[in-house]
Every structure is written in C-alpha cells, then in structure tokens.
2 protein chains.
Amino acid sequence: MQRRFPDVNAETFPEDHPLRRCHGFIFDVDGVLCRGDDPIPGSPEAIDRLRRGGKKVAFISNNSTKSQSSYVEKFARLGIPVDAHDLVLSTYGTAQYVAAQKPQARVYMVGAPGLREELELAGLVLTDDPMEAEYVVVGSAFDGSGRVREDNIDRITGALRALYHAGAKFVATNPDRLFPAQDGVIPGTGAVIGALSYMLDQQPDAIIGKPSPHIVRIALERLSLGPDECAIVGDMDTDMLSGERLGMTRVFVRSGAMTEEKLLTLCAKPDFAFDAVIDMLTFKEA
Amino acid sequence: MQRRFPDVNAETFPEDHPLRRCHGFIFDVDGVLCRGDDPIPGSPEAIDRLRRGGKKVAFISNNSTKSQSSYVEKFARLGIPVDAHDLVLSTYGTAQYVAAQKPQARVYMVGAPGLREELELAGLVLTDDPMEAEYVVVGSAFDGSGRVREDNIDRITGALRALYHAGAKFVATNPDRLFPAQDGVIPGTGAVIGALSYMLDQQPDAIIGKPSPHIVRIALERLSLGPDECAIVGDMDTDMLSGERLGMTRVFVRSGAMTEEKLLTLCAKPDFAFDAVIDMLTFKEA
C-alpha cells in the first residue's frame, strides 16, 4: 500500500505519512542496498536523506563470511558512509552471543576467515582440536563458486566430533539455505546445519541470523530505540519475520531475491512494500 | 534368548532349533563378519558351516563407496569365498534402482569411485553438468579420515543445482549418519542427504540402503527364497527394521557398533541375539 503525498521536497516523510513516526530504520543489505558490490540505484541517496531528516539508521546482514571491518569498506564502495557501530553482521552477532554465554570459551569453527576474525575480536579462543571445544560455531563452509573451502575440508567432521564426542554447544551464524550466484545457486550456512543436524539428529542450540531476532535486537540497542519506534527494511521473509517477532514496522522491497507473491505465501506480511528503498521516500502528486 | 542344544556337531542347527526352518541367511557385513579388514573370529567358519549344511547365504551392506568387485576381493581376504552374485551393496542396489526407473538415465553423482563404477556398469550415463542431470545419486562425500573427497569438493553444489535448477530426481545410496573411525566418528552419506534436504526443504525421492528393504529384496531374489524363509543377521537397528518390514526372522549380533540396550530403545526387536555369528551355531549342553 504505497500512499502518495504532494510534498516532494520532504527529506523523509510528509506530516501524515505513517512511516514518519518511525525514529529508526534498520536495513538489510544485500538485495536492499546493493546486489553484491553494485549499489541499487537510489539507495545511497535514501540513506543520506533519512539521516539528514533526523532518522537513525543501522544495517544488518545474515552474511556469515565477512567481518564488520570488511563491511565498512564495502559500504564505502557503495557510497554509504558507515562505521562499524552502524553494522550488525551475523558473524559479529554470533561471536557476541557466544562470548556473552561464556567469555573466552574454546570454539571450534566451520566457516570463513571473516567469522574467525569476529570470534577472536570477541575474546573467544579458537581451537583446532574438536575434543577440547566448548562451542561449535558454524557459518558457510563453501566459497563463492560453491566449492568447499580448502581450510574447511576436514571441519565438518571436526564439528561433528566436537558435538558428538565432546558435547560442545552448537551455534550457527544464520539459517540461509542457498544463494543465487553466477552459474546457479550456491550453498548457504544451511548446508552445514543440515549435514550436522542429520548426522546428530539434533538441531542447533542457537541460530543467530534472521529470522531469529538476535541481530535485530543488537541493532536496536545500537540505536537506543525500542522495536515499536523502528522499521525493518528487507527483501526476504526472514527480515519480515524477525521484525514481526519484535513488533517492528515492516517494509518490504522488491529489489532483492524474493518476489512479493512468494513472500505472501510464507506468511510474512509486510506493512509496506516498495520497488526499492528510494521509493519509500518518493511521493508524487495523486 | 539363546537356547542350548546337545548336538555340538550339527553343521547348522539341531532338529528342534527355530532357526533350522530358515533356508536362507542374509548377512550384514561390517560389525557382523568383520571390523574393517579384520574378520570377526569364527565368522568364516560360520558361513562355511551354513553352506555345508545346505543353507543359502547372501551378503548385504549399506557401504556407499565400494564396488561389488572390490568387495569380492575384501571377502577373499576375510577368508569367506564369494562371487559378486552373493553380494548386494548399496552402490550396486542404487545403480540397479535408477537403471530400472530409467535405463541410460543421465546421472550427476556425489560420492566415491566405487559408486561411479556401479552406475556405469548399470548402463547409466554419468554427467558433470548439473543442468543436464535427470538423477542425482548421492553417497558419502567424505574419505576415511573425514575429509571431503578432493573430487567431491564442488559436487554438493553441483547436486544442489541439478535438483534446484534442473529438477533431477534425488536418490541416496543409504541413510547412515556416521561411522566410528580411528580418531573419532566420520560422516556417512547422511551428511550429504542432510545438507541437500535442508537447502531444498525436500527429502530424497528414494534411499536405497537399509532400513529400506531395497537391497534385502535384491538379496532375496538372488537366493530365490521368500522373506518368510530367510533370516537377516545384523548388528544395527537398520538391519532389524528392514527385516521386520519384509517379515523375515531377525538375528542380532552384539559384535558390531550398537549395543543390545540401544537396539531395544529403537523399537527394532530381534527374534534372536548372539554375541557373534559363530555363536548362532554353537550349542552347549544345558
């Protein structure tokens, strides 16, 4: 339901626009602000106008392979200036979650160097010995072309042993099943969750990324705002579901991987839907 | 319930022994006749006595990595002479299943060279292009030390693409979750089934190994006997379950990976239980 307003010069929203009451906007990244390294047209302008209009913004992503610092650089390339405080990736959120559960816990990980970086920054102790692990943290074991990462070739088995023999806790960065890529879909962290869950007949003790509310909660804390004061803006059912769980306003954009038809079949009804984030701020004469 | 009989010289069973009415015996291999390459003491003698006593024997295994011809050699090393006709591995059973569904089907496989060999022998056409696959056949992607096989490093993604983009049928050799190995457990085919099922939110169209009755049925055909004339002898719940489904006499041996206590918690009650296969033929004075 896109309402139309006459005030084309408003930095954010006209007086009577229902999104005007939101003080904070939490954006998903891929499919919302960019596709890979390419900005979605208008997204840098949209963020800029929200900020100039006095709105607080934060950025969340289920990305399980990158560190916060590498995302700061990615945002600079997109033309959206951020510092690490504006960002909450599932790598970071997972490291914070485990460190809060048990500071300096011994962690056996499956995943990419960006995950390792966040785990280390959180003061966790990475171990290569499954038998001494207290936590198993899993991200995606696959690279961008869908090959098992060279440094992960024995890590699904290592994680299995840590869980099966050493009784480690099982924490996953995110539940994403698969992603589109150049030559076809590639596995997400879900492939590793599925492999371990099947072998152990046991689900993870925690999954940090959306649709769980973990990373959205961290973003709300960063903004010092309550969920009822904020909107979540995303391109996936998982964005809408995590927002719904927290009681946030939900904005769907059609610029990402999921069609609105598909979204609605997944019982993740948004409050607003736009073609792209810039359209959220575009008001035409009726 | 081990009954005791006075006739210590019987080649097979005394007149009044309930197993005497079984004309055929279908044996699981690992944990029953051998542990890896080592025979379980008495197992070659037990097979020899059953054969000399006029019983028919066949051998089945959920092994997803070896060809039938390599198992003939393995049995020779164990001191149990067999030919390929006496054997039904899940690699062979899977190849026969797919070839019966669609002769010369184009197959994308995940697994070991032994699986490839059986698929080719069954007249199936192996393809490395996921987009042209009609069937995805998955065995274990892991080697004996728990590393992803070098030639499987991109095959979980390939299988995913064949299922997701090309709508291939999804057939797995066996559902085994994990196996004991030197330094701890290693993944079974279940790891690949779990990864693909989670990503696709879709179970395999068929799983050939036990507890499904596919390979047991092939073994019964080989013996030209009905299920009510045969016993299945195994060390796992899956052996007992596949036998139960077909209405066979079920013999559990404690020489393998599963304790009798564990077995009974899995609702897979056997008709008889012995420490090892030779004890099935050992009768002491009461």
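Everything quoted here is computed from the prediction, not taken from an experiment. Every chain is numbered from 1 and lettered A, B, ... according to where its sequence line falls, protein lines coming before strand lines.
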Taking only heavy atoms into account, what residues of residues 159-169 of chain B are found under 4.5 Å from chain A?
B:Leu160, B:Arg161, B:Tyr164, B:His165

What parts of residues 146-155 of chain B touch chain A if we use heavy atoms and a cut-off under 4.5 Å?
B:Gly146, B:Arg147, B:Val148, B:Ile153, B:Asp154

Counting only non-hydrogen atoms closer than 4.5 Å, does [X] touch chain A with its backbone (N, CA, C, O), its side chain (CB onward), both, or neither?
X: B:Ile186; result: both
X: B:Asp143; result: neither
X: B:Ile156; result: side chain

Can you see which heavy atom on B:Met199 is nearest to which on A:Gly190, and at what distance?
CG-C, 4.5 Å

Nearest atoms (heavy-atom pairs only) where B:Asp201 meets A:Arg177
CB-NH1, 3.7 Å

Can you tell me which of B:Gly158, B:Ser145, B:Pro175 forms the most heavy-atom pairs within a distance under 4.5 Å of chain A?
B:Pro175

Is the number of heavy atoms from other residues, nucleotides or ligands within 6.0 Å of CD (B:Gln104) greater than 12?
no

Find out whether B:Val192 and A:Tyr198 are in side-chain contact, i.e. whether some heavy atom of one side chain is under 4.5 Å from a heavy atom of the other.
no

